[in-house]
Amino acid sequence: MFESLPGFRDFYPDSCAGRNHLFRIWRQTANSFGFSEYDAPVLEPLDLFKEKSGPEVVSQLFAFKDKGGREVALRPEMTPSLARLAGAKASSLRRPIKWFHIGEHYRYEKPQRGRLRAFYQFNADILGEPGPGADAELIALCIKSLTALGLTAEDFRIRLSDRDIWLHYMAAFGIEGDSAAQALDIIDKRERVDRGVTLEKLAQIFGDSAEDFFKDVERLGKAKDLNRLKDILLGPDSTCKSAGNSDQISQRLNDWKMLLDQLDAMQLMPYLEIDLGIVRGLAYYTGFVFEAFERGGDLRSLAGGGRYDGLVKKLGYDDLPATGFAMGDVTLGDLLARKNLLATFISAPDIFAILGGAEERKIALADILALRENGFRVEYALKETGFGKQFKLAGQSRAKFALIYGAEELAADSVKVRDMNSGAEKLIPRDRLNTELLEIRETGIPLEE
RNA sequence: GUGGUUGUAGCUCAGUUGGUUAGAGUACCGGGUUGUGGUCCCGGGGGUCGCGGGUUCAAAUCCCGUCAGCCACCCCA
């Protein structure tokens with residue numbers, strides 16, 4: 001006897017139907033936004049992931065040596081592969097490059113609820129367009145992918161932040177480069193860490209002004225609209241104004257306005273929350289970053305993304321500005337199941353054929369195959385059984401119609417169709433079967449016939 | 001990787017202070033029912049009580065270990 005490996009799932013038909021529904025909605029939504037689907041190998045050179053995330057990632061990868069001695073790993077994320085694909089053909093691809101991917105990813109971590117070792121992700125990215133129009137389009141896709149599944153503004157929010165603002169702001173304190181990245185990391189974790197500890201860490205970077213800076217962090221974290229942000233950053237008692245980089249900041253605030261205006265025009269503001277408190281830990285994010293999180297209850301993260309303008313170049317290709325997000329199936333699936341939005345899309349047959357004896361069966365099988373070729377989903381009992389039993393099977397199959405091949409009907413070269421919902425029946429000549437069924441499938445059989 | 005907690009049929013769970021052949025509901029299969037279904041009635045299969053060891057006359061029950069799930073850390077691309 002065997003079980004699936006820890007953190008891996010079996011998909012029985014019911015859950016497979018739920019998963020396919022999710023994929024179908026993701027794919028439809030991405031297509032409607034004009035994104036094109038791409039794919040890449042599941043197994044990649046280990047270095048591809050090390051290059052992006054540093055050597056520490058290896059402990060969280062399914063990594064091994066192949067028989068040729070190559071260091072390889074199952075992909076833990078899509079972005080490095082995407083960067084390779086886009087980077088390799090960057091000069092010949094029409095821009096903006098709008099691509100999406102749906103596929104399985106693997107991380108060697110301790111499995112928990114909402115977090116497995118194998119999971120599916122929907123990735124969408126826009127490359128080659130540095131302006132906020134790309135960020136707006138991407139955020140819109142993220143929101144629409146969730147609403148298309150039946151989720152509402154009551155179920156989730158997008159928290160929107162900006163690493164550029166933070167970098168400009170810190171520059172006013174004379175903090176740049178690695179120190180700035182460290183500071184962002186501290187800001188990102190501050191809600192989960194004791195205030196005193198956070199201050200201590202900041203003091204190593206900011207020295208005496210750590211406390212002032214942290215107060216501003218808290219003020220900025222609470223700013224929920226653009227005017228308030230502007231006020232804190234450029235108002236009378238702003239630190240950075242006196243430091244003299246207010247031009248950069250006001251330019252950046254202009255990007256913010258463009259972004260929000262576009263999202264507003266798409267009527268997506270109800271889903272948005274400005275929250276500079278989230279900066280997302282990853283060092284390679286450069287501009288607008290965002291996170292879709294579940295509201296109420298446990299506030300789990302449903303999707304995350306942001307701009308990563310430097311990454312493609314870092315992986316050895318030409319400079320290519322980029323912004324993207326990833327949405328996982330695990331947390332989202334939990335939420336959809338809880339909200340009853342995965343209503344198992346069980347595929348029921350259109351027709352269940354009920355067959356008399358051996359002679360009738362022969363005639364029926366020929367018809368059944370013809371109907372199948374015409375796109376009907378048709379089932380029948382594989383072994384000979386009584387009519388009563390077969391009607392029971394037809395009911396259990398949840399077929400819309402039963403098609404009755406009895407001696408009586410066939411004597412008139414006809415078959416009887418029964419609408420399994422209404423119970424209405426109709427005799428159809430066999431040579432008109434396909435035509436009549438096409439019609440009946442749409443309209444059903446009226447009770448008065 | 002660290003700590004806590006749970007583990008009985010495919011699923012949800014009962015199982016008395018340790019006591020004889022481990023139960024129910026549901027799902028599944030068969031029959032009632034060889035010309036009209038989902039209901040109903042009857043019957044059936046399915047368990048090494050997560051696994052291994054220990055204590056005991058006797059262990060699903062107590063002890064130890066281990067594996068797996070869940071929860072909290074770490075991390076979260």
Side-chain angles (χ1 to χ4, degrees), chain A residues 1-10 12-15 44 48-54 56-61 73-83 105-117 119 121 123 125 185 188-189 192-193 278 280-285 289 291 293 298 300-306 308 311 315 324-328 330-331 334 348 352 354-358 360-361 381 383-411 415-425:
Chain A
M1 296 261 282
F2 297 95
E3 295 176 358
S4 65
L5 260 17
F8 286 73
R9 291 167 290 177
D10 291 320
Y12 285 86
D14 275 3
S15 50
E44 292 273 17
L48 178 64
F49 304 117
K50 285 213 282 206
E51 188 62 36
K52 187 208 158 203
S53 309
E56 318 82 54
V57 280
V58 178
S59 68
Q60 300 189 57
L61 296 180
L74 290 171
R75 64 178 176 215
E77 59 167 325
M78 206 56 206
T79 309
S81 305
L82 166 70
H105 299 265
Y106 311 86
R107 297 180 187 173
Y108 197 86
E109 293 186 289
K110 183 153 187 157
Q112 276 179 46
R113 187 165 63 93
R115 196 176 186 183
L116 303 171
R117 284 182 174 177
F119 53 92
Q121 268 193 353
N123 275 259
D125 296 86
D185 196 47
D188 189 49
K189 292 190 167 63
R192 302 189 291 271
V193 178
I278 65 139
R280 299 187 56 81
L282 286 311
Y284 64 87
Y285 279 119
V289 292
E291 185 170 29
F293 70 101
D298 24 0
R300 300 188 73 98
S301 176
L302 298 170
Y308 52 98
L311 186 65
L315 291 175
F325 73 80
M327 185 178 288
V330 182
T331 312
D334 284 351
F352 194 101
I354 289 168
L355 320 177
E360 291 86 356
R361 175 168 285 254
K383 62 179 178 188
E384 280 192 43
T385 32
F387 273 78
K389 185 75 184 177
Q390 291 189 62
F391 273 104
K392 192 170 187 167
L393 293 172
Q396 285 172 335
S397 78
R398 303 175 59 179
K400 296 172 201 69
F401 301 101
L403 204 54
I404 301 153
Y405 281 83
E408 268 172 47
E409 290 83 357
L410 288 177
V415 285
K416 200 190 276 175
V417 195
R418 177 180 174 86
D419 185 322
M420 293 298 277
N421 294 318
S422 68
E425 296 184 343

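Here is how names work: the chains are called A, B, and so on, in the same order as the sequence lines, proteins then strands, and each is numbered from 1. Keep in mind that the numbers below use all heavy atoms, side chains included, and drop hydrogens, waters and symmetry copies.
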Student: Would you mind classifying the nucleic acid contact of A:Lys383 as base, sugar-phosphate or nothing, using non-hydrogen atoms under 4.0 angstrom?
Tutor: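 If one applies the 4.0 Å heavy-atom cut-off, A:Lys383 turns out to touch the sugar-phosphate alone, with no base involved.
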Student: Which listed nucleotide (B:G37, B:G35, B:G30) is nearest to the side chain of A:Lys389?
Tutor: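 So the nucleotide nearest the side chain must be B:G30.
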Student: May I have the distance from A:Phe325 (atom CZ) to B:A77 (atom P), rounded to whole angstrom?
Tutor: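 For the pair A:Phe325 CZ and B:A77 P, the rounded distance is 15 Å.
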Student: Could you tell me the separation between the OH atom of A:Tyr108 and the C1' atom of B:C75, rounded to a whole number of Å?
Tutor: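 Answer to the nearest Å: 15 Å.
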Student: Watson-Crick or G-U wobble partner for B:C11, using a 3.5 Å limit on both distances?
Tutor: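 B:C11 is paired, partner B:G25.
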Student: Output yes when a side-chain donor or acceptor of A:Arg107 lies under 3.5 Å from a complementary backbone atom of A:Gln60, and no otherwise.
Tutor: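 Not confirmed, A:Arg107 side chain does not pair with A:Gln60 backbone.
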Student: Report the distance from atom CG of A:Leu403 to atom C1' of B:U36, rounded to the nearest whole Å.
Tutor: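 It is 14 Å, rounded to the nearest whole Å.
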Student: Are any of A:Lys189's side-chain N or O atoms less than 4.0 Å away from OP1 or OP2 of B:C74?
Tutor: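 No, outside the criterion.
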Student: Taking atom P in both B:A9 and B:U5, what distance in whole Å separates the two?
Tutor: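 Comparing P positions in B:A9 and B:U5 gives a spacing of 23 Å.
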Student: Confirm from the modelled atom types if A:Gln390 and B:U36 form a donor-acceptor pair under 3.5 Å, side chain to base only.
Tutor: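 No.
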Student: Assign A:Met78 to base, sugar-phosphate, or nothing according to its heavy-atom contacts below 4.0 angstrom with the strands shown.
Tutor: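 It contacts nothing in the nucleic acid.
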Student: 5'-most contact on RNA chain B: A:Leu393 or A:Ala326, nearest heavy atom basis?
Tutor: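 This one resolves to A:Leu393.
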Student: Is the side chain of A:Gln390 donor-acceptor paired with the backbone N or O of A:Leu355 at a distance under 3.5 Å, no angle test?
Tutor: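 At least one qualifying donor-acceptor pair exists.
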Student: Under 3.5 Å, is there an N or O donor on one side and an acceptor on the other linking the side chain of A:Glu409 and the base of B:G35?
Tutor: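 Check passes, donor-acceptor contact within cut-off.
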Student: Both distances below 3.5 Å, Watson-Crick or wobble geometry, any strand: find the nucleotide opposite B:U61.
Tutor: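 Partner of B:U61: none found under 3.5 Å.
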Student: Find the distance A:Arg113:CZ to B:G69:P and express it as a whole number of Å.
Tutor: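 Those two atoms, CZ and P, are 15 Å apart.
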Student: Could you tell me how far B:G54 sits from B:A14 if I compare only their C1' atoms? Round to whole Å.
Tutor: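 Those two atoms are separated by 28 Å.
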Student: Which nucleotide, if any, forms a Watson-Crick or G-U wobble pair with B:U36, using both distances under 3.5 Å?
Tutor: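 Pair assignment: B:U36 / none.
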Student: Would you classify A:Lys110 as touching base, sugar-phosphate or nothing, given that sugar-phosphate means primed atoms plus P, OP1 and OP2, and contacts are heavy atoms under 4.0 Å?
Tutor: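 Counting heavy atoms under 4.0 Å across all strands, the contact made by A:Lys110 includes a base.
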Student: Start at the 5' end of RNA chain B and walk down; is the nucleotide closest to A:Asp419 or to A:Val57 reached first?
Tutor: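 It is A:Asp419, whose closest nucleotide lies nearer the 5' terminus.
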Student: Looking across every strand, which nucleic acid part, if any, lies under 4.0 Å from A:Pro6 by heavy atom: base, sugar-phosphate, or nothing?
Tutor: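 Sugar-phosphate, no base atom in range.
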Student: Which base, if any, makes a Watson-Crick or G-U wobble pair with B:C74, both distances under 3.5 Å?
Tutor: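 With both distances under 3.5 Å required, B:C74 matches none.
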Student: Looking only at atom C1', what distance separates B:A24 and B:C49, rounded to whole Å?
Tutor: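 Their C1' atoms lie roughly 16 Å apart.
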Student: Which pair of non-hydrogen atoms, one from A:Asp10 and one from A:Ser15, has the smallest distance, and what is that distance?
Tutor: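 Looking at all heavy atoms of both residues, the closest pair is O-OG, 4.2 Å.
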Student: Write down the distance separating the C1' atoms in B:U20 and B:A60, rounded off to the nearest Å.
Tutor: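 About 15 Å, rounded to a whole number of Å.
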Student: Identify the two heavy atoms, one from A:Glu409 and one from A:Lys416, that lie closest to each other, and give their separation to 0.1 Å.
Tutor: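 In this case the closest contact between A:Glu409 and A:Lys416 is OE2-CE, 3.6 Å.
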Student: Which whole number of Å gives the distance between the C1' atom of B:U6 and that of B:C74?
Tutor: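 One C1' to the other, the span is 23 Å.
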Student: In whole angstrom, give me the gap between the P atoms of B:U66 and B:U2.
Tutor: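 Their P atoms lie roughly 11 Å apart.
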Student: With side chains defined as the heavy atoms from C-beta onward, is the minimum distance between A:Arg9 and A:Ser4 less than 4.5 Å?
Tutor: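 The answer is no, as the side chains (C-beta and beyond) never meet within the 4.5 Å cut-off.
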Student: What is the distance from CZ of A:Arg115 to P of B:C70, rounded to the nearest Å?
Tutor: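 In whole Å, B:C70 P and A:Arg115 CZ are 12 Å from each other.
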Student: Measure from CD on A:Glu77 to C1' on B:C75 and round the result to the nearest Å.
Tutor: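 After rounding, the gap between these two atoms is 14 Å.
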Student: Base, sugar-phosphate, or nothing for A:Glu109, non-hydrogen atoms under 4.0 angstrom?
Tutor: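 It contacts base atoms.
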Student: Do A:Lys392 and B:U39 have a side chain to base donor-acceptor pair shorter than 3.5 Å?
Tutor: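 No, no donor-acceptor pair under 3.5 Å.
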Student: Decide, yes or no, whether a salt bridge links A:Arg75 with A:Glu44 under the criterion of side-chain N to carboxylate O below 4.0 Å.
Tutor: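 Looking at A:Glu44 together with A:Arg75, the answer is no, because their closest N to O distance does not fall below 4.0 Å.
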Student: Would you say A:Phe387 stacks on B:G35, if stacking means ring centres under 5.5 Å apart and planes within less than 30 degrees?
Tutor: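 Stacked: centres under 5.5 Å apart, planes under 30°.
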Student: What is the pairing partner of B:U5, taking Watson-Crick or G-U wobble pairs with both distances under 3.5 Å in any strand?
Tutor: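 Across all strands, the one nucleotide that pairs with B:U5 is B:G69.
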Student: With hydrogens left out and only the distance checked, is there a donor-acceptor pair under 3.5 Å joining A:Arg418's side chain and the base of B:G37?
Tutor: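 Per atom types, the contact qualifies.
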Student: I need the A:Phe49 CZ to A:Ser81 OG distance, nearest 0.5 Å.
Tutor: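 So the gap between those two atoms works out to 5.0 Å.
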Student: Whole Å only: how far is the CG atom of A:Asp185 from the C1' atom of B:C74?
Tutor: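 One finds 13 Å between C1' of B:C74 and CG of A:Asp185, rounded.
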Student: Starting at CG of A:Leu355 and ending at P of B:U36, how long is that distance when rounded to a whole Å?
Tutor: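 Nearest whole value for this atom pair: 16 Å.
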Student: Counting the atoms with a prime plus P, OP1 and OP2 as sugar-phosphate, which does A:Gly7 contact under 4.0 Å by heavy atoms, base, sugar-phosphate, or nothing?
Tutor: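 Answer is sugar-phosphate: A:Gly7 comes under 4.0 Å of backbone atoms only.
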Student: Taking the side chain as every heavy atom from C-beta outward, state whether A:Leu302 and A:Phe293 have any atom pair closer than 4.5 Å.
Tutor: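 No, their side chains stay 4.5 Å or more apart.
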Student: Taking the same atom, C1', in B:G69 and in B:G31, what whole-Å distance lies between them?
Tutor: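 About 40 Å, rounded to a whole number of Å.
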Student: What integer number of Å spans the C1' atoms of B:U17 and B:U21?
Tutor: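 B:U17 and B:U21 have their C1' atoms separated by 23 Å.
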